[in-house]
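Input: a single structure, listed below in structure tokens.
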Amino acid sequence: MASTMLRLLASSVRIAERAAEVVRDIMHSGDLGIIDKGGQRNLQTKADRAVEKLIRASIVSQFPKLTVIGEEDEKLDASADVKAGVDPSVLEKECALYNDVPEEKIVVWVDPLDGTAEFTEGLLDHVTILIGIAVDGKAVGGVINQPFFNYQNGKSNLGRTIWGLVGLGAFGWNRTEPPPGRKILITTRSHSNELVNLCLESMSPDKVLRQGGAGNKALRVLEGEADAYVFASPGCKKWDTCAPEAILLAIGGDLTDVHGNKICYDYNVKFPNTGGVIATYRNHQEILDKIPQVVRDKLIA
């Protein structure tokens, strides 16, 4: 029998795909149910609420002893469709590293709709569904679903799911190797500030991409479109980074704060990543070394 970890991942992949159907249906309905939660571009939609209920109910129904933390903090919905099933291709894998991990030690971090502002503006390629899995405070597994992958090409096969497990690898994506020496940085589209810009300028990039969604930006790094995701601000949350970090680690990349510290995903931690976020596929220390001391001093780990 597959380990709890592989069964959880297999379930999470299928749950994310079911959640993507919900997101697409809500978009096509034209009724997004937008709520302003306050703060800079801090929106919530019907999709955020429905997807979080679906993911939490689906996971807890199968793994009642683990902890699920979602961005919207939606209550469990007993009427939610929890029959998402499992992805058999995940269960075909073997990774003995987690055979003895009990449910009680697992924390799942959920962002039901990463890139909500972009979702409301029609920038659908920025939108992702994130399910991150942590053990002993460390990101070890992750699922990133793009509900609208291929939407600009007018194709019928919308959507894509990327998943990974540290010690096993990552699946569902293709990487184009960038030319040596290139430095394209990707950062926030709508939450920039003086500190973010100072950090970017200090790295003398060839180009800066400004896009929405932490999951989307991590994918741009995974696929080789950007060389580093740089966000020198405390605005990112644990549910934004757990899944991307696990997938990056699974293929030899890294995600830390600006001090080079790993992010802790225990159930009782504070949600904001107060030390900022730096994510790379390679040359992580090289990027960290270029962060100005004034930026480090402003961002308390």
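What you see below is based on every heavy atom in this structure, not just the backbone, and it leaves out hydrogens, waters and symmetry mates.
- Within the model, atoms CZ of Arg18 and OG of Ser58 stand 8.5 Å from one another, a figure rounded to the nearest 0.5 Å.
- To the nearest 0.5 angstrom, Asp257 atom CG is 6.5 Å from Ile263 atom CD1.
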Apply side chain to side chain contact (heavy atoms under 4.5 Å, CB included) to residues Leu9 and Trp163 and explain how you reach the verdict.
CA-CA 8 Å; Leu9 263 175; Trp163 69 274; 4.0 Å; yes
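- For Thr116 and Asp48, the side-chain atoms include at least one donor-acceptor pair closer than 3.5 Å.
- We find the CG-CG distance between Leu124 and Asn150 to be 12.5 Å, quoted to the nearest 0.5 Å.
- Comment: Glu71 does not engage Lys237 in a salt bridge, judged by the lack of any side-chain N to carboxylate O separation of less than 4.0 angstrom.
- Shown here are the salt bridge (charged side-chain N to carboxylate O under 4.0 Å, His left out) partners of Arg14, two or more places apart in sequence or in another chain: Glu17.
- Under 4.0 Å is where a charged nitrogen must lie from a carboxylate oxygen, and between Lys298 and Glu194 no such pair does.
- In terms of the side chain to side chain contact (heavy atoms under 4.5 Å, CB included) criterion, residue partners of Phe149 (sequence neighbours excluded) are, by chain and number, Gln146, Arg160.
- Placement of Leu288 and Leu200 within a single hydrophobic cluster is found when ILVMFWY residues are connected by side-chain heavy-atom separations under 4.5 Å, directly or transitively.
- Side-chain contact between Leu165 and Leu6: present, with at least one pair of heavy atoms (C-beta onward) separated by less than 4.5 Å.
- From Cys242, atom SG reaches atom CD1 of Ile247 across 10.0 Å, with rounding to the nearest 0.5 Å.
- In summary, Glu223 and Arg220 engage in a salt bridge, as defined by a charged side-chain N under 4.0 Å from a carboxylate O.
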Please evaluate residues Ile129 and Asp111 with respect to the criterion side chain to side chain contact (heavy atoms under 4.5 Å, CB included), reporting the C-alpha separation (whole Å), side-chain torsions for both, the decisive distance (0.1 Å), and the verdict.
CA-CA 6 Å; Ile129 296 165; Asp111 191 336; over 6 Å; no
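- To the nearest 0.5 Å, atom CG of residue Leu255 and atom OG1 of residue Thr280 are 8.0 Å apart.
- The aromatic rings of Phe231 and Tyr229 lie parallel to each other, with less than 30° between the two planes, well short of the 60° mark.
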Donor-acceptor pairs under 3.5 Å, side chain of residues 94-102 to any protein atom, not counting sequence neighbours: which ones?
unit_1	atom_1	unit_2	atom_2	d
Tyr98	OH	Val166	O	2.6

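- With respect to the salt-bridge test (charged N to carboxylate O, under 4.0 angstrom), the residues Asp31 and Lys46 qualify.
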Side chain to side chain donor-acceptor pair (under 3.5 Å), that's the test. Do Gln293 and Asp297 meet it? Break it down for me.
CA-CA 6 Å; Gln293 189 60 45; Asp297 292 342; 2.9 Å; yes
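- Hydrophobic cluster of Val86: the remaining members, joined at side-chain heavy-atom separations below 4.5 Å, are Leu91, listed by chain and number.
- Lys262 is linked by a side chain to side chain contact (heavy atoms under 4.5 Å, CB included) to Glu245, Leu249, Asp254, Thr256, counting only residues two or more places apart in sequence or in another chain.
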Quick one, Glu177 with Arg282, criterion salt bridge (Lys or Arg N to Asp or Glu O under 4.0 Å). Give me CA distance, side-chain angles, the key distance, then yes/no.
CA-CA 11 Å; Glu177 287 298 324; Arg282 59 188 178 195; 3.2 Å; yes
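- Ionic pairing of Glu225 and Arg175 is not present here: no N-O contact between side-chain nitrogen and carboxylate oxygen is shorter than 4.0 angstrom.
- A donor and an acceptor atom, one from each side chain of Ser11 and Gln62, are located under 3.5 Å apart.
- Here the straight-line distance linking atom CG of Leu113 with atom CD of Glu118 works out to 9.5 Å at 0.5 Å rounding.
- Remark: Val107 pairs with Thr67, Ile69, Trp109, Tyr267 by the side chain to side chain contact (heavy atoms under 4.5 Å, CB included) rule, at least two apart or across chains.
- Between Arg24 and Leu158, the closest side-chain pair of non-hydrogen atoms falls below 4.5 Å.
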